[in-house]
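Since we're looking at a predicted model, the values are computed, not measured. In what follows, every chain begins at residue 1, and chains take the letters A, B, ... in the order their sequences are listed.
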Amino acid sequence: MATYDTLNAQQYEAVTTTEGALLIIAGAGSGKTRVLTHRTAYLIEEKGINPYNIMAITFTNKAASEMRERIDNMVGFGAESIWVTTFHSTCVRILRRFADHIGFDTSFTIYDADDQKQVMKEVCKRLEIDTKIYKEKMFLNVISSAKDNLTDPTEFALNATGDYARQRQAQVYREYQAVLKKNNAMDFDDLIMKTVELFKSDVEVLDYYQERFKYIMVDEYQDTNTAQFELIRLLAGKYGNLCVVGDDDQSIYKFRGANIRNILNFEQYFPQAKVIKLEQNYRSTQNILDAANSVIAHNVGRKQKVLWTDQAAGEKIHFKQFDTAYDEAEYVAADIEKQVRAGGSYSDSAVLYRTNAQSRMFEERFIAENIPYKLVGGVNFYARKEIKDILAYLKTIDNAKDDLAVKRIINIPKRGIGATTINKVQTYADGNEMSFYDAAKIADEIPTVGRSAAKIAPFVTFIQTMRSKANFLSVPELIQNIIQDTGYVRELEAENTPEADARVENIDELISKAVTYEESTEVPTLSGFLEEVALVADIDEVVEGSEYVVLMTLHSAKGLEFPNVYLAGLEDGLFPSYMTITSDNADEEMEEERRLCYVGITRAMKRLTITSAKMRMVRGETMYSKVSRFVSEIPVDLLSGTVATGKSIPRPSQTEKTSPYVNAAKQILREKPIVKVPVKAFSTNATDQMTLSYREGDRVHHIKFGEGTVTQIIAGGRDYEVTVDFDRFGTKKMFASFAKLKKV
DNA sequence: CCTACTACGCTTTTT
DNA sequence: GCGTAGTAGG
C-alpha cells in the first residue's frame with residue numbers, strides 16, 4: 001500500500017489526475033520522479049488499472065532503472081509487467097518483433113557513431129565526394145536532424161530543389177540508407193523513425209500497442225524531438241491518457257533535435273490538457289535557488305515559474321576567479337580534501353564543466369592528490385578500440401550480415417588479409433547480392449582473390465566453429481574463447497605498456513559486464529547482450545553513493561544531485577561558448593546556454609562553488625577570458641569570495657610536459673575509482689583470491705545448463721577450470737569465475 | 001602486405 | 001596537444 005499523504009497539494013493533484021492529457025511542469029528538485037512512481041501505484045491500487053497497460057518512458061537507462069526500482073518497491077505484485085524503458089529500447093523491442101513489416105530483418109544490428117562514420121566514408125567514396133571539402137560528419141549531422149524531424153530521403157530531395165548542396169545531401173542520405181538496409185542495420189535515429197514509420201503504415205500493429213499502453217508517462221519531456229513526440233502521440237492516439245513531465249528551463253538538447261515547442265505548445269496539441277506546476281523544491285538551499293532563479297529569469301521564451309523552498313538560506317555561493325586553469329583545478333582539489341577532512345565524503349562532490357576537454361586538468365590534480373574520482377563521458381567505454389574489436393567478433397558470430405563488423409576483425413589479429421583482398425571480396429559480394437561474410441566463405445571460388453583465399457579460410461572456420469559453440473556457451477565464455485583463440489590479450493600483454501595494460505583491463509571489464517548480464521537476465525542470449533551494450537550511455541554507469549568525486553559535463557549532470565558542486569570554467573567564450581556568442585542566432589542559443597547554467601546551479605544541494613580562470617590552454621593555444629556573463633546575473637549579495645590573484649603556488653613551467661607517471665596513472669584510473677571501492681564481484685587474476693564453494697563430485701547449478709556433477713577442477717593461471725557433467729547438456733569445461741556455479 | 005611516419009581533426013553538448 | 005586514420009616506403 002502506497003501512502004499519498006506525504007505529497008504536497010500539487011503533487012497529489014498530479015498523482016490523482018489519471019485520465020486524459022496532463023502536462024506536469026516540474027521545476028528542478030520538485031520531486032517529479034516521486035510523482036511518477038506514486039502515480040503509477042495510484043493507477044494500479046486505486047484505479048484498478050492492469051500494470052500490463054502502463055508505460056513509462058525516459059531518455060537514459062539510468063533514469064529507467066531508477067524508476068523501475070522505485071516502482072517495484074511501491075507496487076509489488078505485477079510491477080514487472082509495466083514497461084519502464086528508454087525511447088530507444090522501447091523502439092528496439094517493437095522493431096525486433098515487427099521490423100519485417102517494413103522490410104527489415106528482425107535481427108537487425110544497431111550502428112553507433114563510429115559505424116555511421118565508416119558507412120559515410122564508403123558512401124562518399126562511391127558518390128565521389130571530396131571529404132576534404134564536405135566532411136562526413138556534416139552529412140551525418142544533416143541526416144540525423146532530418147530523421148529527428150521524420151524527413152525521409154524522398155521528402156528531403158523534394159525540399160532540395162534548386163539548391164545544389166542540399167540535392168547532393170539528399171543523394172548522400174539516400175545512399176547512406178541503402179547501405180544500412182543492405183547491412184541490415186539501423187542507426188540510433190532510425191530506431192525512432194522506423195518505429196513511427198511502422199505505426200503509420202501498419203494499423204494493426206499500431207492498434208495492438210495502443211491497446212496495450214492505455215496509460216503513458218513520459219519523463220524529461222522537454223528533451224523530446226519531433227520524431228519522439230510523434231511516437232508517443234501515435235501510441236496515446238486511442239485512449240489519450242498521456243502524462244508528460246518536464247521543465248522547459250532544463251531543455252538543453254536543442255542541438256540534438258529536441259523541440260522545445262513540444263512542451264510550450266502541449267496545450268495546443270491536446271486542447272483539453274490539464275497543466276500542473278510543481279514549484280516547491282526539496283533539494284537546495286534558498287541561496288542556491290535564488291541564484292538559479294535570477295539567472296533563468298533572463299530568458300524570455302519560458303513558462304513562468306518560481307522555485308521556492310522552506311529550507312534555510314544556507315551558505316553563500318562561493319565564487320573564485322583564478323589566473324590559470326591549473327590554479328582552478330588545484331583549488332577545487334584542495335577544497336574537496338578540506339570538505340572530506342571536515343567529515344564529508346568524496347561522493348558528496350561533483351565537478352561540472354562545459355566541455356569534456358576541461359576534465360584533464362582536474363584528473364591530473366586528483367591523481368596527484370590521490371583523490372578518487374570517476375570520469376563520466378569522453379570516450380564511451382563501448383567505443384574503445386579493444387572493446388569494439390571483441391564486440392565485432394561477437395556480432396559476426398551472432399549475425400554475419402553486418403559487413404562492417406566482419407571487415408573490422410577479418411585481419412585482427414594479422415592474418416595477412418589486406419585491403420586489396422578485402423576489396424576483391426567486397427566487389428564480388430556486391431556483384432552477387434550477397435553479404436561480405438557469405439562471399440568470404442566461398443573465397444576460393446572467387447577468381448580475383450586467388451591465393452589469398454587460403455588466408456581467409458582459417459578465419460571463416462573459426463567463426464563457424466564459434467557459431468556452433470554459441471548455442472551452448474554463455475557470453476562470457478564466448479568472449480574468453482575469442483581472446484584465447486585469437487591471442488588478442490596475449491598480444492597486448494606482450495606489449496607491456498601501461499596503455500596496453502589498460503586495454504586488457506577494459507576487456508576484463510567487458511567480461512565482467514557480460515557476467516552481470518548473464519546473471520541478471522532470465523533468458524540470456526548473445527543477441528540480447530549485444531543489444532544491451534549498444535544502448536548504454538556513460539551516465540548509466542554512475543552508481544550513486546559510491547566513494548568517489550564525479551567529473552562530468554553539465555549535460556551529463558541533468559537529473560543528478562550532489563551536496564557539494566563545483567561549476568568550473570565560468571568564462572565568456574567557454575561557457576557560454578564562443579560558438580554561441582558569435583552565432584547568427586545568438587539570442588536563442590544564449591538562452592539554451594543559460595538553461596545549461598541553470599541546470600548546473602540546481603544540481604547543488606548545500607554548497608555551490610563557481611570558478612573561472614583568466615587564462616587557459618585550449619587546443620594548445622592560450623586563451624584569455626573574462627568572467628562569464630552568467631555570473632553577473634547572480635545578485636552580488638548571494639556571492640562570497642572574490643578574485644584570487646598572485647599568491648598561487650608555483651606551477652609547472654609551460655614547457656614542461658605532463659609527467660609520464662601521470663599519463664600512465666590516468667590510463668589505468670580512467671573509468672575506475674582509485675581507492676576504497678569494494679572488491680569487484682568478479683576478479684580475473686590470481687586463483688588464490690578465489691575460493692570455490694564446491695569440490696569434485698559435488699552437485700552444482702549453472703544459470704543456463706541447470707544441474708550437473710563436478711568431475712574435475714584444475715587451477716589455471718588466472719582462474720579455475722571446472723569440468724561439469726550436466727544432466728541435460730552433457731560435459732562442459734568452464735572457468736569458475738564466469739560460470740558462477742552454485743552448490744546444490 | 002606490413003610498418004612507420006605524417007596529417008588532420010578535434011573541442012559544445014549525446015540517446 | 002592528443003589520438004587516430006591515411007599514406008608512402010620497405
Starting from [atom2] on [N], measure out to [atom1] on [X] and report it in whole angstrom.
X	N	atom1	atom2	answer
A:Met138	B:dG9	CE	P	13 Å
A:Asn225	B:dT15	CG	C1'	10 Å
A:Tyr134	B:dG9	OH	P	15 Å
A:Asn141	B:dT12	CG	P	12 Å
A:Gln358	C:dC2	CD	P	17 Å
A:His555	B:dT15	NE2	P	11 Å
A:Lys135	B:dC10	NZ	P	7 Å
A:Arg595	B:dT13	CZ	P	18 Å

[X] side-chain N/O to [N] phosphate OP1/OP2 under 4.0 Å:
X	N	answer
A:Thr580	B:dT12	no
A:Asn356	B:dT13	yes
A:Lys254	B:dT14	no
A:Ser556	B:dT14	yes

Could you check which of [options] has an atom nearest any side-chain atom of [X]?
X	options	result
A:Arg354	B:dT11, B:dT13, B:dG9	B:dT13
A:Asn411	B:dT14, B:dT12, B:dC2	B:dC2
A:Arg360	B:dT14, C:dC2, B:dT11	C:dC2
A:Thr60	B:dC1, B:dT15, B:dC10	B:dT15
A:Lys455	B:dT12, B:dT15, B:dC1	B:dC1
A:Lys414	B:dT15, B:dT12, B:dT3	B:dT3
A:Phe188	B:dT15, B:dT12, B:dT13	B:dT15
A:Ala357	B:dT11, B:dG9, B:dT14	B:dT11

Measure from the ring center of [X] to the ring center of [Y] and say whether it is less than 6.0 Å.
X	Y	answer
A:Phe575	A:Phe630	yes
A:Phe139	A:Tyr176	no
A:Phe255	A:His555	yes

If you measure from the Lys or Arg side-chain nitrogens to the Asp or Glu carboxylate oxygens, is any gap between A:Lys32 and A:Asp247 under 4.0 Å? no
On DNA chain B, does the nearest nucleotide to A:Ser452 precede the nearest nucleotide to A:Gln228 from the 5' side, or the other way round? Give the residue.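 Its nearest nucleotide being more 5', the pick is A:Ser452.
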Listed pairs under 3.5 Å, donor-acceptor, residues 119-129 of chain A side chains, sequence neighbours left out:
from	atom 1	to	atom 2	distance (Å)
A:Glu122	OE2	A:Arg126	NH2	3.1
A:Arg126	NH1	A:Glu175	OE2	2.9

For A:Asn411 and A:Gly416 the tightest heavy-atom approach is OD1-N, 3.2 Å
Have a look at [X] and say if it touches a base, only the backbone sugar-phosphate, or nothing, with a 4.0 Å heavy-atom cut-off.
X	result
A:Thr420	sugar-phosphate
A:Thr421	sugar-phosphate
A:Asp148	nothing
A:Glu593	base

Over 60° means perpendicular and under 30° means parallel, so tell me whether A:Phe87 and A:Phe59 are parallel, tilted or perpendicular. tilted
Could you write nucleotides 5-10 of chain C as a row of B, S and -, 5' to 3', where a protein heavy atom under 4.0 Å of any base atom gives B, of only sugar-phosphate atoms gives S, and otherwise -? SS----
Could you say whether the aromatic ring of A:Phe255 and the base of B:dT12 stack, counting only centre distances under 5.5 Å and plane angles under 30°?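 Ring-base stacking flag not set for A:Phe255 and B:dT12.
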Applying side chain to side chain donor-acceptor pair (under 3.5 Å), name anything that partners A:Asp189, two or more places apart in sequence or on another chain.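 Here the qualifying residues are A:Ser144.
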Counting only heavy atoms not in A:Tyr134, do more than 12 sit closer than 6.0 Å to its OH atom? no
Do A:His88 and B:dT15 have a side chain to base donor-acceptor pair shorter than 3.5 Å?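 Indeed, a donor on one side and an acceptor on the other fall under 3.5 Å apart.
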